[in-house]
Amino acid sequence: MTEQVHKGVLVFAEQKDGNLHKVTFELLNKGRELAQKLEVPIYAIVLGPKNMAVEELIYRGADEVFYGEDDAFNQPDELLYKENIVTLINRIKPEICLFGATSFGRSIAPRVAGSLETGLTADCTELRIDEDRKLIQIRPAFSDNILAHIKTKTYPQMATIRYKEFSEAKRDPQRQGKVAKVDAILLESPAVRILKQLQSNETDITEAEVVVAGGRGLKSPEDFKMLKELATLLGGVVGASRAVVEEDYISSDHQVGYSGNRVKPKVYIACGISGAPQHLAGMREAENIVAINTDPSAPIFNIADVGIVGDLYEVIPMLIKKVSNE
Ligand code: FAD
């Protein structure tokens, strides 16, 4: 799509079990600012189970909500979502489409962009409109050392936006807008659905308050069980460095860092992780960082609030014992 027949800003509203993901309210806040500059409407697409409270999207700033209603959308089935989103985008023809850079958003946005034959800028941290009404998509590049300013020639201009980068749109229950129910396009892929359902039961690492992350200091994939035990006791989830994801110790949705998830938990416990800049890019904003490493000169200690120089195989069982007894 090259010719600009497109108008409006569109936000993809992510939901789970009928509850909107908070990144949606951040996208609506930023999207509204862009729409006001361009003097165009702001739309939201939500694909969710029956009887979702989609008016919330209007209270948070959307002018019109396109609601595909079916319990099939309880499964994060990328192909199903892609098919429905592409159909709606072709109908609405927005000039800008925004997705959250969550695990799911990162998974569907490229599929949608591919189908629409348009560009996509991933992981944006700022968006602006230039004097030619084009979207400037700003994102860190080269391990966060520079900020790339990107413009796409094709329409719609698509971007994924990092979670917790913008403030949420304020809620105004007096706001008026339209809700258009749209026919869901349903695909038959029961095997994929069952698999996705199993995966979706895991807590989203970007929402976790405690992350216990393992790196190459772990000797085998089974040793993640020890980290999982500590994480569960603390009400958290397990994270990982890319080194162990690449060695197939654990799936990539656990990866923290520049090319993985960006997390901001209350506590981040880095176990056997050296602290490469690409890893720090995903976790340096954690409120409290605990590092366990045998090497006292490991860079992770430069940003740790609590540093333990020691063998994780001794320290973690001690922590598990201590937390279990409290
Ligand atoms: P290592 O650097 O090998 O560190 C292992 C650490 O474990 C060492 O410090 C060692 O002292 C310690 N250790 C060993 N045994 C023990 C023990 N028994 N007890 C305690 N400590 C022990 N990396 C990411 O993590 N996330 C990303 O998103 C990411 N994106 C990247 C993107 C690009 C473009 C590139 C080029 C790289 C990226 N990387 C990313 C890779 C990154 O540069 C590092 O290679 C990686 O983070 C190293 O992982 P690690 O700390 O687990 O391993």
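One-based numbering along the sequence shown. Counting starts at 1 for both ligands and their atoms, following the listed order.
The protein atom (non-hydrogen) at minimum distance from atom 30 (N) of ligand 1 is S259 OG, 2.7 Å. Nearest protein heavy-atom contact of atom 24 (C) of ligand 1 is R242 N, 3.2 Å. Of all protein heavy atoms, the one closest to atom 6 (C) of ligand 1 is G272 O, 3.4 Å. Protein heavy atom at the shortest distance from atom 19 (N) of ligand 1 is L312 N, 2.9 Å. Closest to atom 45 (O) of ligand 1, if we only count protein heavy atoms, is R216 NH2, 4.5 Å. The protein heavy atom nearest to atom 9 (O) of ligand 1 is N293 ND2, 2.9 Å. Residue, atom and distance of the protein heavy atom nearest to atom 39 (N) of ligand 1 are Q278 CB, 3.5 Å. Nearest to atom 50 (P) of ligand 1 among the protein's heavy atoms is S241 OG, 3.6 Å.
Those atoms of ligand 1 that come under 4.0 Å of a heavy atom in G257, given as number and element, are 26 (N), 27 (C), 28 (O). Each of the following atoms of ligand 1 lies closer than 4.0 Å to a heavy atom of Q255: 26 (N), 27 (C), 28 (O), 29 (C). Residue Y258 has at least one heavy-atom neighbour below 4.0 Å for each of these atoms of ligand 1: 27 (C), 28 (O), 32 (C). In the vicinity of G215, heavy-atom distances shorter than 4.0 Å reach the ligand 1 atoms 52 (O). Those atoms of ligand 1 that come under 4.0 Å of a heavy atom in G260, given as number and element, are 28 (O). Atoms of ligand 1 found under 4.0 Å from any heavy atom of A276, numbered from 1 in the order shown, are 42 (C), 43 (O), 44 (C), 47 (O).
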Quiz item: Does the pair E246 and R242 meet the rule for a salt bridge (charged side-chain N to carboxylate O under 4.0 Å, His left out), with working shown?
Solution: CA-CA 6 Å; E246 281 181 346; R242 181 160 125 176; 2.9 Å; yes
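For the pair K7 and Y155, the cation-pi criterion (under 6.0 Å, within 45° of the ring axis) is not fulfilled.
For D311, the closest heavy-atom approach to ligand 1 falls below 4.0 Å.
Using a 4.0 Å cut-off between charged nitrogen and carboxylate oxygen, E69 and K50 do not count as a salt-bridge pair. A salt bridge is defined here as a Lys NZ or Arg NE, NH1 or NH2 lying under 4.0 Å from an Asp or Glu carboxylate O, and E287 with K266 fails to meet this definition. Using a 4.0 Å cut-off between charged nitrogen and carboxylate oxygen, D172 and R60 do not count as a salt-bridge pair. Remark: E165 engages R262 in a salt bridge, criterion side-chain N to carboxylate O under 4.0 Å.
Among residues two or more places apart in sequence or in another chain, the side chain to side chain contact (heavy atoms under 4.5 Å, CB included) test is passed with P49 by Q15, M52, D71, N74.
Side-chain contact annotation: S259 with Q255, donor-acceptor N/O pair under 3.5 Å present. Y313 and D223 share a donor-acceptor pair across their side chains, judged by distance under 3.5 Å alone. A side-chain donor-acceptor contact under 3.5 Å links R111 and S107.
On a distance-only criterion, H279 and ligand 1 share at least one N/O pair closer than 3.5 Å.
Under a 3.5 Å cut-off, the side chain of Y67 and the backbone N or O of N51 do form a donor-acceptor pair.
Contact annotation: for V256 versus ligand 1, heavy atoms closer than 4.0 Å belong to the backbone alone. Neither the backbone nor the side chain of K219 has a heavy atom within less than 4.0 Å of ligand 1.
Note that atom 26 (N) of ligand 1 has protein non-hydrogen atoms nearby, at separations under 4.0 angstrom.
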Distance-only donor-acceptor hits, side chain of residues 17-30, under 3.5 Å, sequence neighbours excluded:
| residue | atom | partner | partner atom | Å |
| --- | --- | --- | --- | --- |
| H21 | ND1 | V23 | N | 3.0 |
| H21 | NE2 | E207 | OE2 | 3.4 |
| T24 | OG1 | E14 | N | 3.3 |
| T24 | OG1 | H21 | O | 2.9 |
| E26 | OE1 | K164 | N | 2.8 |
| N29 | ND2 | S167 | O | 2.8 |
| N29 | ND2 | S167 | OG | 3.2 |
| K30 | NZ | E33 | OE1 | 3.3 |
| K30 | NZ | E33 | OE2 | 3.0 |
| K30 | NZ | E126 | OE1 | 2.9 |

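When G217, C271, G310, S274 are ranked by how near their heavy atoms come to atom 20 (C) of ligand 1, first place goes to G310.
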